[in-house]
Amino acid sequence: MPIRFHNTLTRQKELFTPMNPDQVTMYVCGPTVYNRVHIGNARPAVVFDTLFRLLKLHYNEVIYARNITDIDDKINKAAADQGVPISVISEKFTQAYQEDMDALHVLEPSIQPKATEHVDDIIRIITALIDNGHAYESEGHVLFNVPSMEGYGTLSNRNIDDMLAGARVEIADYKKDPMDFVLWKPSTGGLPGWESPWGFGRPGWHIECTAMINKHFGPTIDIHAGGNDLVFPHHENERAQGMCSHDGPTDYVHYWLHNGMININGEKMSKSLNNFITVKELLDQFPGEQLRYALLSGHYRSVLNFSDELIVQSKSGLNRFYTALKDTADVEATPLDDPRTGVVAQTLADDLNTPEALAAMHGLAGQLFKATDNVERARLKGEFLAGGALLGFFHHQPNAWFAIGADMTLSDADIEQKLTERTQAKKDKNFALSDSIRQELLDLGVEIQDTRAGTEWHRSS
RNA sequence: GGCGCGAUGGCAGAGUGGUCAUGCAGCGGACUGCAACUCCGCGUACGCCGGUUCGAUUCCGACUCGCGCCUCCA
């Protein structure tokens, strides 16, 4: 089963072929750790986590790096405001990020490099760019000289003249060319910084990713992903740095993947609208799995409207999945001979079509409900579980899932007692009593189903 | 101004040159003492106008509307 991706660089769907048939290298832009991340930050983490899971099925080794940006002026500002070292801010929110991602069932990447641990590498690559004639020092700054690179703008599909025509930005006088961007800037007035050949200072934004990729993977990687707002300038500049910091022409990234943005109830998240929703706020109200379902319910390249309705529907969808698991609790799943052939894996192989994958999961659930043959049920359950694992679902036992957020006034023993009374009432044909007991239980968060085997119950919120 | 994206049934959201998405919600039915769960069935969906075609939601062109990026925002 071949894997295909939409590559931002070529603007079309392409067959994925890694440089090394046994090993895939991928890098995803992670958070700047200066506050709790919002739901928009969670989209690439969850989407490309699903990609990571898929790739691991197809290749012996997948090395996945997701960086932590812990050098940034927003961190500097937060630290200055609170009168603490930047490490206090960055460590606190790095920790918070890990917690949020864990709750969304995002697997830990293979490597989580930090900018502060790569300042030497950053300095090395800036030096190389200067040596190659692609960067220059000016008034304590080091700048990448954009006109020195043939093909700048290819990734974001724009040309310099058009950009300058629309620009209304004042050009800093230390720049040779208006498009030149900062690789290193001076730190004065007590700002955090590091010693460098160009004085005490700190790196620009784009260079850390290039440096970390070079350090951990070498000049070229298979996949680089992130939000589509990063295409320009961040990834365009990264690409320029990566390609120009080596002798001779070098590819930087073979497949660029970019996810679309998230809207909140139809509006773009923005500070002025005050509609930023943090992952933490959502996790306080909904299980991570439900949020994950919601994030995967749209194709990753499209805008996703993170509405109240979406969250509700996501819960219903997962309830159906868990009902299927509950109904087949007695069935021992038969694992797929080749997990890559599962219907979910196949839909994901087509440019990570997660809505189609969820539809496939619903298809399997329906078959599971209908099947009567035990061999067939075991096979279906195996495929269903494999699909769930790829999508990052099924971290609960079914009854535990339904009980999330449920009223716990009644103990299990209380419930069993009530059900015994109800069963007796039913035997006595005292349906008024049996129905009132059922309603009482329902009011206390206990749903019941009468089956041939007796009465089943589970808690529900 | 430059570059790009989108418009699918009440909602969400795939996909396809010609019988089918899928889920949620709704309606009818089966099951049930009644329910619940599950199952079966139902709704003349593809922005507008042309073109290509035996046939277009799908391809091509124009239009309308909405959206994104164009300096540190995933």
Take atom [atom1] of [X] and atom [atom2] of [N], then tell me their distance rounded to the nearest Å.
| X | N | atom1 | atom2 | result |
| --- | --- | --- | --- | --- |
| A:R158 | B:rC3 | CZ | C1' | 6 Å |
| A:N237 | B:rC70 | CG | P | 12 Å |
| A:L318 | B:rC24 | CG | C1' | 13 Å |
| A:H258 | B:rC3 | NE2 | P | 20 Å |
| A:N159 | B:rC69 | CG | C1' | 15 Å |
| A:D428 | B:rG33 | CG | C1' | 14 Å |

Over 60° means perpendicular and under 30° means parallel, so classify the ring planes of [Y] and [X], tilted if in between.
| X | Y | answer |
| --- | --- | --- |
| A:W401 | A:H396 | tilted |
| A:F232 | A:Y152 | perpendicular |
| A:Y322 | A:F394 | perpendicular |
| A:W256 | A:H258 | parallel |

With salt bridge (Lys or Arg N to Asp or Glu O under 4.0 Å) as the rule and sequence neighbours excluded, what pairs involving [range] come up?
| range | value |
| --- | --- |
| residues 38-51 of chain A | A:D49-A:R53, A:D49-A:R292 |
| residues 173-189 of chain A | A:D73-A:K185 |
| residues 416-425 of chain A | A:K418-A:E440, A:R422-A:D450 |

Nucleotide nearest [X] (side chain, heavy atoms from C-beta), chosen from [options]:
| X | options | result |
| --- | --- | --- |
| A:R422 | B:rU22, B:rC37, B:rC34 | B:rC34 |
| A:M269 | B:rC72, B:rA74, B:rU38 | B:rA74 |
| A:F369 | B:rA74, B:rC70, B:rC39 | B:rC39 |
| A:N157 | B:rG33, B:rG4, B:rC39 | B:rG4 |

Contact class for [X] (heavy atom, under 4.0 Å): base, sugar-phosphate, or nothing?
| X | value |
| --- | --- |
| A:M361 | nothing |
| A:N353 | sugar-phosphate |
| A:K326 | nothing |
| A:G260 | base |

Below 4.0 angstrom from OP1 or OP2 of [N], is there any side-chain N or O of [X]?
| X | N | answer |
| --- | --- | --- |
| A:K370 | B:rC40 | yes |
| A:R320 | B:rG23 | yes |
| A:K315 | B:rA25 | no |

If we take the [atom1] atom in both [N] and [M], what is their distance in whole Å?
| N | M | atom1 | answer |
| --- | --- | --- | --- |
| B:rC40 | B:rC49 | P | 38 Å |
| B:rG47 | B:rC42 | P | 24 Å |
| B:rC5 | B:rA62 | P | 14 Å |
| B:rG28 | B:rA35 | P | 12 Å |

Non-neighbouring partners of [X] that pass side-chain hydrogen bond (donor to acceptor under 3.5 Å, both in side chains), sequence neighbours left out:
| X | result |
| --- | --- |
| A:E456 | none |
| A:E139 | none |
| A:Q367 | none |

Ring centers of [X], [Y] separated by less than 6.0 Å:
| X | Y | answer |
| --- | --- | --- |
| A:F384 | A:F321 | yes |
| A:H206 | A:F181 | yes |
| A:F48 | A:Y64 | no |

Could you tell me whether the side chain of [Y] reaches within less than 4.5 Å of the side chain of [X], counting heavy atoms only?
| X | Y | value |
| --- | --- | --- |
| A:W194 | A:T116 | yes |
| A:L295 | A:I262 | yes |
| A:Q397 | A:K326 | no |
| A:T323 | A:F402 | yes |

- Message: As a check on the pairing definition, encode RNA chain B in dot-bracket form, counting Watson-Crick and G-U wobble pairs whose two distances are under 3.5 Å, and using | for partners outside this strand.
- Response: (((((((..(((.....[...))).(((((.......)))))....(.(((..]....))).))))))))....
- Given that A:R301 and A:Y293 both sit by RNA chain B, which one's nearest nucleotide is further toward the 5' end?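 By nearest-heavy-atom nucleotide position, the 5'-most residue is A:R301.
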- Item | Residue met sooner reading RNA chain B from 5', once A:H206 and A:A365 are mapped to nucleotides |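 Residue closer to the 5' terminus by nearest nucleotide: A:A365.
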Which ones in [range] lie close to RNA chain B, meaning a heavy atom under 4.0 Å from one of its atoms?
| range | answer |
| --- | --- |
| residues 224-233 of chain A | A:G226, A:G227, A:D229, A:L230, A:F232 |
| residues 96-104 of chain A | none |
| residues 431-453 of chain A | A:F431, A:S434, A:D435, A:R438, A:I448, A:Q449, A:D450 |
| residues 2-13 of chain A | none |

- Message: One pair to check against side chain to side chain contact (heavy atoms under 4.5 Å, CB included): A:M261 and A:D229. What are the steps and the verdict?
- Response: CA-CA 8 Å; A:M261 299 291 98; A:D229 54 343; 3.5 Å; yes
- Identify whether NZ of Lys or CZ of Arg in A:R4 sits under 6.0 Å from the centre of the six-membered ring of A:F16 and within 45° of that ring's axis.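 Here A:R4 fails the 6.0 Å and 45° test against A:F16.
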Protein and nucleotides 10-13 of chain B: nitrogen or oxygen contacts under 3.5 angstrom:
unit_1, atom_1, unit_2, atom_2, d
B:rC11, O2, A:Q313, NE2, 3.2

- Check: A:K114 main-chain N/O paired with A:H118 side-chain donor or acceptor under 3.5 Å: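 Between the backbone of A:K114 and the side chain of A:H118 there is a qualifying donor-acceptor contact (under 3.5 Å).
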